[in-house]
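Both counts, for ligands and for their atoms, begin at 1 and track the order of listing.
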Amino acid sequence: MRKYHIVALPGEGIGKEVVPAAITILKRLAELHGFSVSIEYGLIGQAALKELGAYFPEETAQLCQGKDGILFGAVSQGGLLELRQRFDFFANLRPVKVFPSLIDKSSLKSEMLEGVDILFVRELVSGIYFGASGRTQENTSGYHTMTYSDRDIRRIARIALTKAQQRRGLLTVAHKENALPHLPWTRLVFQEAVSFPEVTVTGMLVDNLAMQLVIDPQQFDVILAGNLFGDILSDLGGALVGSIGLLGSASLNSSGFAMYEAIHGTAPAIAGQGIANPLGTLASVVMMLEQWGELGAVQSLKQAQTKILECGYRTADLNPQAPEILVNTEQLIELLLNELSK
Ligand code: IPM
Ligand code: MG
């Protein structure tokens, strides 16, 4: 039997609700598709600081080492950047695909959303998040530096080009070369693209790209961005599909080891109420199953989700209107389990 060992790091806020919810589904999928998943829980964020003295303690790092994946919830501050850096999870993949039954939940007109299927490829362990930073001695000003080695741009470019090649062959590179000319993303990506002749590469200034995402999202296939621009642009993806609660992500290193996480964060306003949308974490579980090659399980889960959404079940973030039916986290999981057993 195929066996997988994962670490669950629920973290804080709704992370503590959606991670266990998604694990219930993962376990059922394993039973149905003939593989096994063992899960160890670890601490990160505030709880880790309290119990183990650090936001990302060495114990947690050791626990993750050598596993088949990390299922991550959310933290409000501390731990996440250290985790990404520790395992060199440089390739952050954030797919944004519209569910046809939720098309009216978007802030955009439905006809502009039909067929929208975008993959954001965000560089995750360099750029301004990890550049030199500090406050001056007088404590009157502060700085964060956006530094990118050509090598780091080239390696994420190859990931984005590979993905574009497997999809519709279009790659848009977010950059800001009119103001930041020493970060020549476009030139470096074009050079790497020589090995990917089927991919059409377009450079786009990031400010224009943000506007284009809202006025014509159908033009995009793969969007490559550095750490900060990718963070900002991918939240726009949440607005496109109707709720950031629907989006998942995978962050991989060069050996294919990865952490899987919904992109919504801790959502303190709704935490503790049992009403969070587990579909973002389940979208991340889909990416984990794809990475393992468990494609039968991927198909079952996607079918069950589509069915439940078509039947009108919605968590609160999707603002259900009659005849849609409001459900909480537990009810949605129960519905999915029933659907999987059919
Ligand atoms: C994300 C989040 C994080 C980021 C925060 C929590 C540091 O916004 O994963 O998109 O900026 O990378
Ligand atoms: Mg973000």
Response to the item:
Ranked by distance from atom 1 (C) of ligand 1, the top protein heavy atom is Arg94 NH2, 3.4 Å
Practice prompt. Without swapping roles, check the side chain of Ser234 against the backbone of Gly230 for a donor-acceptor pair under 3.5 Å.
Written response: yes
Practice prompt. Decide whether an N or O pair under 3.5 Å exists between Tyr129 and ligand 1.
Written response: yes
Worksheet, complete the sentence: Applying salt bridge (charged side-chain N to carboxylate O under 4.0 Å, His left out) to Asp231 and not counting sequence neighbours gives Arg122
Practice prompt. Among all protein heavy atoms, pick out the one at the shortest distance from atom 5 (C) of ligand 1; state its residue, atom name and that distance to 0.1 Å.
Written response: Leu80 CD2, 4.4 Å
Fill in: Given Arg167, Arg94, Arg168, the one that forms side chain to side chain contact (heavy atoms under 4.5 Å, CB included) with Leu119
Arg167
Worksheet item: Aromatic rings Tyr4 and Trp292: how do their planes relate, parallel, tilted or perpendicular, breaks at 30° and 60°?
Response: parallel
Worksheet item: Excluding sequence neighbours, so at least two apart, what forms salt bridge (charged side-chain N to carboxylate O under 4.0 Å, His left out) with Glu58?
Response: Arg86
Worksheet item: For Tyr260 and Gln291, does a side-chain donor sit closer than 3.5 Å to a side-chain acceptor?
Response: no
Worksheet item: Are any of the heavy atoms in Asp231 under 4.0 Å away from ligand 1?
Response: yes
Fill in: Pairs meeting criterion ring pair (Phe, Tyr, Trp, His ring centres under 6.0 Å) with involvement of residues 134-155, two or more places apart
Tyr148-Trp185
Item to complete: Using a strict 4.0 Å cut-off to heavy atoms of Arg122, name the atoms of ligand 1 that fall inside it.
Response: 1 (C), 4 (C), 9 (O), 10 (O), 11 (O), 12 (O)
Worksheet item: If you leave out waters, which protein N, O or S atoms are less than 2.8 Å from the Mg ion (ligand 2)?
Response: Asp231 OD1
